[in-house]
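Remarks on the structure that follows.
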Amino acid sequence: MDGTFPLRPAQSISDLVADGLVRADEAPVLERVAQDFRLRLTPQMRAASARSDGVARQFVPSAAELIQRPEDLPDPIGDDAHAPVPGLTHRYPDRVILHVTKTCEVYCRFCFRRETVGDTGHLPPDQLQAALDYIARTPAIHEVILTGGDPLVLSARRIGDLVARLAAIPHVGVLRLHTRVPVVAPDRITPALIDALRQHPSVWIVVHTNHADELTAEARAALTRLADAGIPLLSQSVLLRGVNDSADALEDLFRALIRLRVKPYYLHHCDLARGAGHFRTTIAEGQAIMSALRGRLSGTALPSYVLDIPGGFGKVPIGPGYVTAQARGWSVTDPNGHQHHYSDPER
């Protein structure tokens with residue numbers, strides 16, 4: 001390859017062979033993988049994958065995806081178990097997830113919704129209306145989370161219409177969008193899209209990114225456009241073996257994000273998605289990494305390390321413990337591993 005890539009997404013194994021991202025002799029087995037789990041890399045991620053294994057491993061199919069493990073689940077976080085109407089997940093009393101589309105700009109090889117993404121396009125109008133009706137008649141819902149797929153694959157017109165409809169529901173105080181688009185398809189972050197997002201007074205964007213090498217110059221510019229527009233930015237990452245399972249890799253990522261005015265929010269333990277077992281670390285490994293980061297990074301740059309309990313029972317923090325109960329008071333471990341005594345007030 002001459003270092004240039006077509007200005008279109010890669011959607012076939014032959015595209016990846018042409019890019020030099022897989023060998024021709026690997027193609028037959030990878031075609032089997034692509035039949036089960038969709039393949040798509042934007043032009044930006046085609047180029048980034050050629051430069052970085054930390055990016056390529058997220059998007060380029062692997063024969064390891066054909067390995068099924070006993071613990072693998074088709075719906076790892078239990079979306080279907082908490083769906084009052086199609087397209088809506090209501091797991092926590094005060095917030096819902098609205099799956100506005102099953103389409104993504106890229107298909108991650110570890111995705112916990114990989115069984116369903118790409119199966120259908122946008123949520124049909126009647127189902128979207130039913131979801132909005134449910135939200136409107138449920139005053140406990142304070143926050144609506146748009147996801148999919150990726151909500152920012154929708155046109156600015158569609159997004160603006162949906163945001164305005166949600167803004168018209170008085171008890172919906174916060175609207176959150178979970179997306180990879182600013183990183184993997186940064187050209188979609190246009191003035192028209194930003195205007196569409198401003199239809200609601202409290203819009204937050206949570207950007208999914210896992211490795212500093214994803215943050216190309218174009219991605220950094222897109223995130224800057226959003227921050228300059230006054231839209232609060234958070235990030236969520238997944239702890240992935242062979243991608244970012246070291247304190248050094250995550251420190252680089254979180255420092256880059258905080259410089260871009262993106263607050264690291266969640267580091268997810270990898271879910272039990274079918275065919276993604278080779279990406280999973282142990283919880284103990286994740287805790288050790290988070291413990292190391294506590295001594296290196298300020299609190300602004302540290303996310304919460306969380307596990308989405310399989311079956312739909314919600315997220316819980318699983319970071320390292322720093323306090324241990326004693327007969328009188330507590331033993332507290334500092335970031336350097338030293339122990340200190342702390343006493344509660346007398347009652």
Side-chain angles (χ1 to χ4, degrees), residues 11-13 29-41 57-92 95-124 127-128 130-131 134 145-151 153 178-180 206 208 210 236-243 266-283 286 306-316 318:
Q11 299 187 82
S12 68
I13 298 301
V29 69
L30 296 182
E31 292 284 4
R32 291 171 51 203
V33 176
Q35 288 174 4
D36 281 348
F37 304 120
R38 282 168 176 77
L39 162 64
R40 181 179 171 91
L41 286 77
R57 287 173 179 158
Q58 298 181 57
F59 304 119
V60 175
S62 162
E65 294 176 59
L66 296 174
I67 299 171
Q68 305 295 304
R69 302 195 181 197
E71 66 271 23
D72 291 353
L73 298 171
D75 181 17
I77 68 168
D79 280 335
D80 292 342
H82 298 276
V85 296
L88 203 68
T89 300
H90 193 180
R91 182 177 290 111
Y92 303 102
R95 54 203 182 275
V96 293
I97 297 171
L98 180 54
H99 306 266
V100 292
T101 180
K102 294 294 186 183
T103 304
C104 294
E105 283 287 355
V106 292
Y107 290 115
C108 304
R109 309 318 303 173
F110 51 86
C111 178
F112 63 86
R113 293 193 178 110
R114 64 190 313 203
E115 304 279 355
T116 58
V117 290
D119 279 348
T120 56
H122 308 330
L123 192 65
Q127 293 185 6
L128 177 59
Y134 176 88
I145 302 161
L146 301 184
T147 183
D150 192 315
V153 303
H178 286 206
T179 180
R180 257 197 180 279
V206 182
H208 178 181
N210 299 312
Q236 60 178 352
S237 305
V238 182
L239 182 61
L240 300 167
R241 187 176 300 282
V243 173
Y266 275 153
L267 175 65
H268 292 269
H269 194 72
C270 189
D271 293 304
L272 302 179
R274 186 165 64 95
H278 58 292
F279 284 114
R280 292 198 285 272
T281 67
T282 66
I283 288 177
V306 296
L307 173 70
D308 220 322
I309 302 171
F313 299 100
K315 293 184 185 70
V316 291
I318 56 171

(request) Before giving the answer on side-chain contact (heavy atoms from CB on, under 4.5 Å), spell out for Cys108 and Phe59 the whole-Å C-alpha distance, their side-chain angles and the decisive distance to 0.1 Å. (result) CA-CA 5 Å; Cys108 304; Phe59 304 119; 3.9 Å; yes
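- Contact check for Val316 versus Ile309: side-chain heavy atoms found under the 4.5 Å cut-off.
- Side-chain contact check for Leu146 versus Ile97: every heavy-atom pair is 4.5 Å or farther apart.
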(request) Output, in order, the C-alpha distance, side-chain angles, deciding distance and verdict of side-chain contact (heavy atoms from CB on, under 4.5 Å) for Arg91 and Phe313. (result) CA-CA 8 Å; Arg91 182 177 290 111; Phe313 299 100; over 6 Å; no
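- Side chain to side chain, His90 and Tyr134 meet the donor-acceptor criterion of an N or O pair below 3.5 Å.
- Between the side chain of His268 and the main chain of Gln236, no donor-acceptor pair closer than 3.5 Å is present.
- In this structure a side-chain-to-backbone donor-acceptor pair under 3.5 Å is present from Arg40 to Glu105.
- To the nearest 0.5 Å, the span separating CG on Asp308 from CG on Leu272 amounts to 10.0 Å.
- The shortest distance between side-chain heavy atoms of Thr281 and Cys270 does not fall below 4.5 Å.
- Looking at Asp150, its side chain does come within 3.5 Å of a backbone N or O of Arg180 through a donor-acceptor pair.
- In terms of modelled atom types and a separation under 3.5 Å, the side chain of Asp36 and the main chain of Val33 share no donor-acceptor contact.
- With hydrogens and angles disregarded, a donor-acceptor distance shorter than 3.5 Å links the side chain of Asn210 to the backbone of Val238.
- A donor-acceptor pair under 3.5 Å links the side-chain atoms of Arg57 to the main chain of Gly242, judged by distance alone.
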(request) Walk me through it: do Thr101 and Leu123 pass the test side-chain contact (heavy atoms from CB on, under 4.5 Å)? (result) CA-CA 5 Å; Thr101 180; Leu123 192 65; over 6 Å; no
(request) Under the side-chain contact (heavy atoms from CB on, under 4.5 Å) rule, what do Leu66 and Val29 come out as? Steps first, then yes or no, please. (result) CA-CA 9 Å; Leu66 296 174; Val29 69; 3.6 Å; yes
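- Between Leu240 atom CG and His278 atom NE2 the span is 9.0 Å, to the nearest 0.5 Å.
- In this structure, Leu39 CG and Leu41 CG are separated by 6.0 Å, a value rounded to the nearest 0.5 Å.
- Lys315 is not listed as a side-chain neighbour of Leu307, based on a closest heavy-atom distance of 4.5 Å or more.
- Residues Cys111 and Ala273 come closest through the heavy atom pair O-CB, 3.5 Å.
- Defined by atom type and a distance below 3.5 Å, a donor-acceptor pair is missing between the side-chain atoms of Thr147 and His178.
- Not a single donor-acceptor pair under 3.5 Å links the side chain of Gln127 to the backbone N or O of Pro124.
- From Arg38, atom CZ reaches atom CD of Gln11 across 11.0 Å, with rounding to the nearest 0.5 Å.
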(request) Show the numbers, then the answer: is there a salt bridge (Lys or Arg N to Asp or Glu O under 4.0 Å) between Asp72 and Arg280? (result) CA-CA 11 Å; Asp72 291 353; Arg280 292 198 285 272; 3.0 Å; yes
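- His82 has its side chain out of reach of Tyr92: every pair of non-hydrogen atoms, C-beta onward, lies at least 4.5 Å apart.
- For Thr89 and His99, the side-chain atoms include at least one donor-acceptor pair closer than 3.5 Å.
- Side-chain contact between Ile318 and His269: present, with at least one pair of heavy atoms (C-beta onward) separated by less than 4.5 Å.
- Counting heavy atoms from C-beta outward, Pro61 and Arg109 have side chains that approach closer than 4.5 Å.
- For Gly149 against Cys104, the heavy-atom pair with the smallest separation is CA-SG, 3.4 Å.
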